[in-house]
Amino acid sequence: MSNAASQRRATLAGLVAILLWASLALLTTATGNLPPFQVLAVGFGIAAVLGLLRAGLRGSAGWRELRQPLSAFALSTLALFGYHALYFIALKRAPAVEANLLNYLWPLLIVVFAGLFGGVSVRRAQWLGTGLGLVAAVLLVTRGRSLQIEPSHVPGYVAALGAALIWSLYSVLNRRHAEVPSAAITLACAGVAVLGAVAHLVGEETVIPTTGQWTVLVLMGIGPVGAAFWLWDHGTKRGDIALLGSLSYLAPLLSTLLLVASGRAQAHWIQAVAIALLMIGAWLSVRASRAR
């Protein structure tokens with residue numbers, strides 16, 4: 001397979017991960033009263049078990065795929081734990097749509113960090129796209145009014161922005177470990193499950209999930225916090241990282257539509273304006289990338 005074809009396949013894998021992540025906000029809100037770190041521990045625990053079962057079925061070849069340098073394991077584990085801890089906290093402590101879209105500043109930040117750390121030249125159009133993303137963030141938080149932010153929502157907004165920063169940095173720095181098989185992300189999932197369990201036992205009260213909540217947790221472990229990370233790992237290591245950053249805006253668009261359609265969030269015209277600005281920013285990034 002040619003390098004160009006290989007890159008296209010890797011980019012497509014990253015795109016499938018993006019589509020899976022579109023369901024994460026809806027599934028997270030569907031966990032209801034479950035504490036954030038309990039959701040984190042159980043969801044990633046399920047993903048880790050599935051990955052280990054796969055390795056076992058593949059025999060010695062499957063176990064070899066889990067081997068990786070300590071630096072790669074630490075980067076993946078801390079990034080996945082930090083991102084999802086902040087993301088789940090954001091969705092629990094701020095309006096779902098606003099927190100979700102603030103979190104999705106990470107696609108534009110990927111483009112910026114790709115230029116700073118990834119050896120990609122960032123053009124003026126990409127900087128403009130980043131600026132539009134920041135404007136969209138302000139509109140989401142203020143709903144087009146003066147800067148009177150609801151104090152009770154501030155922790156959620158800060159958590160969402162922190163999640164965006166962590167995930168964008170990880171997606172770019174992950175290219176430095178391109179030689180590590182994507183299956184190795186299984187151990188990172190296990191590490192996240194352990195960290196989540198510790199944080200839960202220290203700071204939260206355990207809530208016994210209902211049958212419906214268990215169903216949601218299993219779906220999370222299989223999809224947006226399971227297979228999606230295998231696909232994203234492959235895409236960021238071998239695909240077009242700038243293009244993936246821009247295509248990632250499919251996720252907030254679909255995610256917001258799912259939240260509104262399910263009745264878990266109310267539609268507001270500011271959301272439409274913010275999405276439009278985010279999409280324009282992504283288009284500018286793609287256009288600049290193609291021109292390069």
Side-chain angles (χ1 to χ4, degrees), residues 9-10 12-32 34-69 72-85 87-88 91 167 170-171 174 177 180-201 206-239 251 255 258:
R9 287 173 62 90
L12 180 60
L15 176 59
V16 174
I18 291 166
L19 297 178
L20 287 173
W21 284 329
S23 66
L24 184 57
L26 178 60
L27 291 174
T28 301
T29 56
T31 60
L34 296 182
F37 286 109
Q38 182 179 345
V39 173
L40 189 71
V42 175
F44 275 92
I46 292 170
V49 168
L50 292 175
L52 291 173
L53 287 174
R54 175 188 178 275
L57 291 173
R58 288 175 55 83
S60 58
W63 296 118
R64 282 197 301 271
E65 288 179 335
L66 301 183
R67 297 176 183 172
Q68 58 191 299
F73 171 74
L75 174 65
S76 298
T77 302
L78 294 178
L80 266 62
F81 175 75
Y83 171 78
H84 284 87
Y87 183 67
F88 291 155
L91 290 178
W167 194 250
Y170 163 70
S171 297
N174 193 41
H177 299 288
V180 177
S182 294
I185 203 73
T186 294
L187 295 184
C189 288
V192 172
V194 172
L195 292 175
V198 171
H200 167 65
L201 294 175
T206 301
V207 176
I208 303 301
T210 64
T211 301
Q213 289 171 328
W214 271 118
T215 301
V216 171
L217 291 170
V218 171
L219 290 175
M220 290 176 67
I222 293 173
V225 297
F229 292 115
W230 290 48
L231 296 167
W232 187 249
D233 182 85
H234 183 62
T236 54
K237 286 176 177 176
R238 298 173 179 83
S255 182
L258 285 173

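- Smallest separation of non-hydrogen atoms from A55 and L66: CB-CD1, 4.1 Å.
- Contacts classified as salt bridge (Lys or Arg N to Asp or Glu O under 4.0 Å) and involving residues 48-57 (residues at least two apart or in different chains) are given here: R54-E65.
- Using a 30° and 60° split on the angle between ring planes, W21 and W167 fall in the perpendicular class, above 60°.
- The distance from the CG atom of N174 to the OG1 atom of T236 is 4.0 Å, given to the nearest 0.5 Å.
- Nearest heavy-atom pair, A17 versus L231, reported as atom, atom and distance to 0.1 Å: CB-CB, 3.9 Å.
- For the pair A10 and G239, the tightest heavy-atom approach, listed with the atom from each and the gap, is CB-N, 3.6 Å.
- For the atom pair CG (L195) and CG (L40), the distance works out to 8.5 Å, reported to the nearest 0.5 Å.
- In this structure, the side chain of T29 engages the main chain of L26 through a donor-acceptor pair within 3.5 Å.
- If you take OG on S76 and CD1 on I185, they are separated by 4.0 Å, rounding to the nearest 0.5 Å.
- Proximity of P209 to Q38: side-chain heavy atoms (C-beta onward) are separated by under 4.5 Å at one or more points.
- Separating the OG1 atom in T28 from the CG atom in L34 is a distance of 10.5 Å, to the nearest 0.5 Å.
- Note: Y87 and Y83 have parallel aromatic rings, judged against thresholds of 30 and 60 degrees for the angle between ring planes.
- Taking both residues in full, the closest heavy atoms of I208 and Q213 are given as O-OE1, 4.2 Å, listed atom of the first, atom of the second, then distance.
- The shortest heavy-atom contact between V180 and K237 is O-NZ, 2.8 Å.
- How far CZ of R67 is from CZ of F73: 16.0 Å, rounded to the nearest 0.5 Å.
- Looking at I18 and W232, their side chains come closer than 4.5 Å, going by heavy atoms from C-beta outward.
- Within the structure, every pair that satisfies the side-chain hydrogen bond (donor to acceptor under 3.5 Å, both in side chains) test and touches residues 181-199, not counting sequence neighbours, is listed here: S182-D233.
- In this structure, OG1 in T31 is found 9.0 Å from CG in L27, a value given to the nearest 0.5 Å.
- Among L80, L187, L78, the one residue that satisfies the side-chain contact (heavy atoms from CB on, under 4.5 Å) test with V192 is L80.
- Here the shortest heavy-atom pairing between C189 and A47 reads SG-CB, 4.2 Å.
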Side-chain donor/acceptor pairs under 3.5 Å, residues 214-228, sequence neighbours excluded:
from	atom 1	to	atom 2	distance (Å)
T215	OG1	T211	O	3.0

For the pair V39 and F44, evaluate side-chain contact (heavy atoms from CB on, under 4.5 Å) and give the outcome as yes or no after the intermediate values.
-> CA-CA 8 Å; V39 173; F44 275 92; over 6 Å; no

